[in-house]
Structures are given as C-alpha cells and as structure tokens.
Number of protein chains: 2
Amino acid sequence: MPTPQRTSLAEIVAAGREVLESGGPGRVTMQAVAERVGVRPPSLYKRVRDREALLTLIAAATLQELQERLAAQDSLAGMAHAYRNFAHERPEGFRLLSTRSASAEDLARASAPVLAAARAAVGEADALEAARFMTAWLTGFISMELAGAFRLGGDLDRAFAYGIDRVSAALAG
Amino acid sequence: MPTPQRTSLAEIVAAGREVLESGGPGRVTMQAVAERVGVRPPSLYKRVRDREALLTLIAAATLQELQERLAAQDSLAGMAHAYRNFAHERPEGFRLLSTRSASAEDLARASAPVLAAARAAVGEADALEAARFMTAWLTGFISMELAGAFRLGGDLDRAFAYGIDRVSAALAG
DNA sequence: ACCTGAACACCGTTCAAGT
DNA sequence: ACCTGAACACCGTTCAAGT
C-alpha cells in the first residue's frame, strides 16, 4: 500500500526560496524546509540529492524568474530597472546567484534578452561585449548596493540613473 | 601559573584565510582553523567571539590587503588590473567581501584610492559617481568571471580591456 | 512507493577543571 | 591567564521498518 505523496519538488523549492528570503542561506536547513512543506527531513531526500542540490535548484528557479522579468522588457534601460527591482524584492535569491553557477542552458536563456537588446543598440559585431559590459555594471552596482558598500553619501537612485546614462553613452560611442 | 599563549589573533585570522582559499567558506570551521594554529577549538573563543566574527575579521583583512594594492596604483586602469589580479589570487576572499559588509572606516579607506583617481580623471564634482561607476563595473565583471557566468565565448582578457576602455570613455564624455 | 523514527557523524559553543 | 576534555544542541544524512 503506497503512502500518498505529501509534497513535491516544486513545493520544496518554493519553500526553500521563502526560507532563504526570510533568513538568509544559513537558515535554509533541511529541517526548516521540511517543516514548511509538512514533512520530516528524511523525506526531502526522495526528491533532492542533498542540501547543496536544493540550493542549486533554488538558484535555478531564481534565475528563471529573473529571466522572465527581463524578457518582458525591450530596452536596456528597462531591463536595468527590472533587474534592480528584482534584486530588491529577492535580495537573498539574487545574492545566491553569484555563489552558484548556472547550467549552460539556463545561463544562455537568461542572457538572451540582454543580448537581444544589446544587438539592437550596437549591432551584431559588438553585441556580446556590450551585453557583458552592461550586465557587469548592473550586477556590480546592485550587489554593492545590497552589501551596503555605498555608504559615502549621495542618492542611490540618482547614481543608478547616472550609471544607465553612462553605459548607454559608452555603448553608443 | 599562567599557561603560555599558543597562538594569536593575527595567526588565527591568517589561518582562516588559508583555509578559506583552499576550500571555500564551508571549510572554515573552528576545528579546521584551530588545528592549523595548533590549538583546540575552544581556545579560539579566547580571541574571537564566534565563527561569524572570525569570518568578518577575515573579510576585513582581505579588504585591507586589497586597499594596499589599489593604493600602490595611480591610474584607474592600473587599479582595475590590480583589482582583477587580486581577485584571481584570492577568489574566495574576494567573494567573501560581497557577503559581509565592512565597517564604515574600512570602507572609506578602501574607497580612497579609487576616489582619488576618479577625482583626477573627472574633477571634484563627479568624482563620487565616477568612482562608483568604475567600481560597480569592475566588481560585477570580476564576480561574474569568478562565478563562471561568462561562458558564451570570447576572450575574457579582451573583454576586460574593452570594459576599461568603455569606462574611461564614459567618464570622459 | 513514499514516509518516518532512530541513529550516526560533524560542528559550534559553553564551562568546569587543569596548569 | 590561557588551555583543554567533556558535554550539549543542532544539523545533514542514512537506513531499516512502517503503511
């Protein structure tokens, strides 16, 4: 007589993301996640290899959501704001992305929207480098902002707008 | 009869940095660090409040070394290369910096060299935003490089040079 | 098939007892 | 004063036994 399933992989990953945002990666224990989905810790191992794998799944889900947000934009400036808004909504998830590397497919998919916008802005030949330039600045700005590295005064919204302006100028030149 | 000191705070932090680089933050256990300095784990608590505090001390020492490297340069391009070289030498330490926020003093000290170079390049009025722009791009590029996020082809050294060029152009414009 | 309690290893941390 | 062994709590993980 099979026991009925009491949870699912999707539910486990979703619970992991919630725990992550509410308390940081240290709080993402098998116990906390199991409790949240209403199961005992050992049961998680039926769907997830180990804690490491769970964190990787959480990162992948986060990257996918980010990619969907970016794909809904059509300009580099729009994407920049979507990117930053996402990071403010899910700071822990955003940070997790820089810790664990995505699969080649997920990476390519997430890069596509920015690459397309870069192609439209600077042409085929320089699209890759332009996309990297933009993404690097964006990632750096946001991660420094989240880490509290911008405490020398000034308005961060204005600094962000200044940066977008400078990136556009750099790519146009 | 006092027992002689068998270690010191500096030695503990240095040992922690070594363990960090050789195995990532997960390997920085009180046991591993204690063993490296030749002491039992409970003895570490005489000099360090807890593991969290040890990681913060490791980050502070890393930031100080980075600051010294930057201060030895006088151009923004020179600093960019020094920054990247440092990150390649101590990838785990570099990553740790984005996780834990520095004290206001350490942050100000580490920012000073870049700020001075930015002032020389664009003048007093825009120095802060220019320094932020430069640092954001640099931090983003390097952390993406370390995270393996640049796997769409192309030469990374060339992409880095392209970026420095674009940053300079953006700040000049 | 999936779920669970029991068990084990490992780590952070405290503390009383040693020198 | 500083160091240590012993002890405790907590977590990841495995596995045999339940349904």
Side-chain angles (χ1 to χ4, degrees), chain A residues 1-62 92-93 95-97 99-101, chain B residues 1-62 92-93 95-97 99-101:
Chain A
M1 190 68 89
T3 327
Q5 299 186 182
R6 248 163 255 182
T7 185
S8 66
L9 181 59
E11 198 188 7
I12 290 169
V13 173
R17 293 182 73 187
E18 289 168 18
V19 175
L20 175 67
E21 291 305 333
S22 75
R27 286 279 177 79
V28 183
T29 65
M30 300 306 266
Q31 317 219 21
V33 173
E35 185 171 11
R36 197 159 196 108
V37 300
V39 105
R40 297 291 175 175
S43 298
L44 297 182
Y45 293 84
K46 276 283 149 181
R47 339 235 173 215
V48 168
R49 189 172 23 168
D50 55 19
R51 181 174 179 270
E52 263 303 295
L54 174 56
L55 287 169
T56 297
L57 289 168
I58 291 172
T62 304
E92 295 292 347
R95 261 193 278 263
L96 190 66
L97 290 182
T99 305
R100 343 191 61 74
S101 58
Chain B
M1 187 71 88
T3 326
Q5 300 186 183
R6 249 163 253 184
T7 185
S8 67
L9 181 59
E11 198 187 7
I12 290 169
V13 173
R17 293 183 72 187
E18 290 168 17
V19 175
L20 176 67
E21 291 303 334
S22 75
R27 285 280 177 80
V28 183
T29 64
M30 300 305 266
Q31 317 220 18
V33 174
E35 186 171 12
R36 196 159 195 109
V37 300
V39 106
R40 297 291 175 176
S43 298
L44 298 181
Y45 293 84
K46 275 284 148 178
R47 338 231 174 223
V48 168
R49 188 172 23 166
D50 55 19
R51 181 173 179 271
E52 263 303 296
L54 174 56
L55 286 169
T56 297
L57 288 169
I58 292 173
T62 304
E92 295 294 347
R95 262 192 279 263
L96 190 66
L97 290 181
T99 305
R100 344 192 58 77
S101 59

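Lettering follows sequence order; numbering is per chain, from 1.
Here C/dT4 presents its P atom at 14 Å from OH of A/Y45, a figure rounded to the nearest Å. Regarding B/Q5, its CD atom lies at a distance of 7 Å from the P atom of D/dC3, rounded to whole Å. The NZ atom of A/K46 sits 16 Å away from the P atom of D/dA17 (whole-angstrom rounding). Summarising the geometry, the separation between CG on A/L54 and C1' on D/dG12 is reported as 12 Å, rounded to the nearest angstrom. If you take CD1 of A/I12 and P of D/dG12, they are 14 Å apart, rounded to a whole angstrom. Residue B/E11 contributes atom CD, which lies 15 Å from atom P of D/dC2 at whole-angstrom precision.
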Problem set entry | Under 4.0 Å protein heavy-atom contact, by nucleotide of nucleotides 5-11 of chain D - B base, S sugar-phosphate only | BB----B

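One cannot find a donor-acceptor pair under 3.5 Å joining the base of D/dC3 and the side-chain atoms of B/T3.
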For this session: Evaluate the salt bridge (Lys or Arg N to Asp or Glu O under 4.0 Å) criterion for residues A/R17 and A/E92: first the C-alpha distance (whole Å), next the side-chain angles of each, then the deciding distance (0.1 Å), finally the verdict.
Result: CA-CA 9 Å; A/R17 293 182 73 187; A/E92 295 292 347; over 6 Å; no

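Nucleotide C/dA9 forms no Watson-Crick or G-U wobble pair with any nucleotide shown, as no partner meets the under 3.5 Å limit on both distances. Nucleotide C/dT19 has D/dA1 as its partner under the Watson-Crick or G-U criteria, with both atom distances under 3.5 Å.
Under a 3.5 Å cut-off, the side chain of A/S43 and the backbone N or O of A/V39 do not form any donor-acceptor pair. Of the possible donor and acceptor atoms, one in the side chain of A/R51 sits under 3.5 Å from a partner among the backbone N and O of A/V28.
In plain terms, the two heavy atoms of B/R47 and B/I12 that are nearest each other are CG-CD1, 3.7 Å.
A salt bridge is defined here as a Lys NZ or Arg NE, NH1 or NH2 lying under 4.0 Å from an Asp or Glu carboxylate O, and A/R40 with A/E35 fails to meet this definition. Using a cutoff of 4.0 Å between basic side-chain nitrogens and carboxylate oxygens, A/E11 and A/R36 are not scored as salt-bridged.
Here B/R49 lies out of heavy-atom contact (under 4.0 Å) with every strand. B/R47 comes within 4.0 angstrom of the backbone, heavy atoms only, and of no base.
Side-chain contact between A/L54 and A/M30: present, with at least one pair of heavy atoms (C-beta onward) separated by less than 4.5 Å.
Side-chain N/O atoms of A/R6 include none lying less than 4.0 angstrom from OP1 or OP2 on D/dT19. An OP1 or OP2 oxygen of D/dT4 is reached within less than 4.0 angstrom by a side-chain nitrogen or oxygen of B/S43.
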